[in-house]
Amino acid sequence: MYGYYFKGALLIGVAVLLALFVEPIIGEQAAIMAMAPGGEETAVYRYATAVGDSLLLFLLLGVVALILAAALVERELGGGV
């Protein structure tokens, strides 16, 4: 069981580092898209900025879902409490 906590802590660190590297890239892409014709009124621009604004939340929710799925599988296989 403690292995899942350790894996979760490791994955949270990886998610934070990934967000630190990817968020500026998405910001630059959004700036380029804003200069295009139609710019900030396009749906792709709005979607890209929404992902850029909440990327860390998406990554952390993915880590939580992964840990919950692993705990459910362990319980079903008989290894859990």
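Quantities reported herein were computed from a predicted structural model and do not represent experimental measurements.
In this structure, Arg46 contributes its side chain and Glu41 its backbone to a donor-acceptor pair below 3.5 Å.
The two residues Ala19 and Pro24 make their nearest non-hydrogen contact at O-CD, 4.3 Å. When all heavy atoms of Tyr45 and Gly39 are compared, the pair lying nearest together is CB-O, 3.6 Å.
Here the CG atom belonging to Leu55 is positioned 10.5 Å from the CD1 atom belonging to Ile25, to the nearest 0.5 angstrom. With rounding to the nearest 0.5 angstrom, the CD atom of Glu23 is 8.0 Å from the CG atom of Asp53.
No side-chain heavy atom of Met33 sits less than 4.5 Å from a side-chain heavy atom of Thr42. Counting only heavy atoms from C-beta outward, the side chains of Ile26 and Val22 approach each other to under 4.5 Å.
A single hydrophobic cluster is not seen to contain both Leu57 and Ile67; linkage of ILVMFWY side chains at heavy-atom distances under 4.5 Å, directly or through other members, places them apart. Under the 4.5 Å side-chain heavy-atom criterion for ILVMFWY residues, a single connected hydrophobic cluster contains both Leu60 and Leu11. A single hydrophobic cluster is seen to contain both Leu20 and Val63, as judged by linkage of ILVMFWY side chains at heavy-atom distances under 4.5 Å, directly or through other members. No single ILVMFWY cluster, assembled from side-chain heavy atoms under 4.5 Å apart, contains both Val14 and Phe58. A single hydrophobic cluster is not seen to contain both Val44 and Ile32; linkage of ILVMFWY side chains at heavy-atom distances under 4.5 Å, directly or through other members, places them apart.
Here the rule is side chain to side chain contact (heavy atoms under 4.5 Å, CB included) with Leu59, and of Ile12, Leu18, Leu17 only Leu18 fits it.
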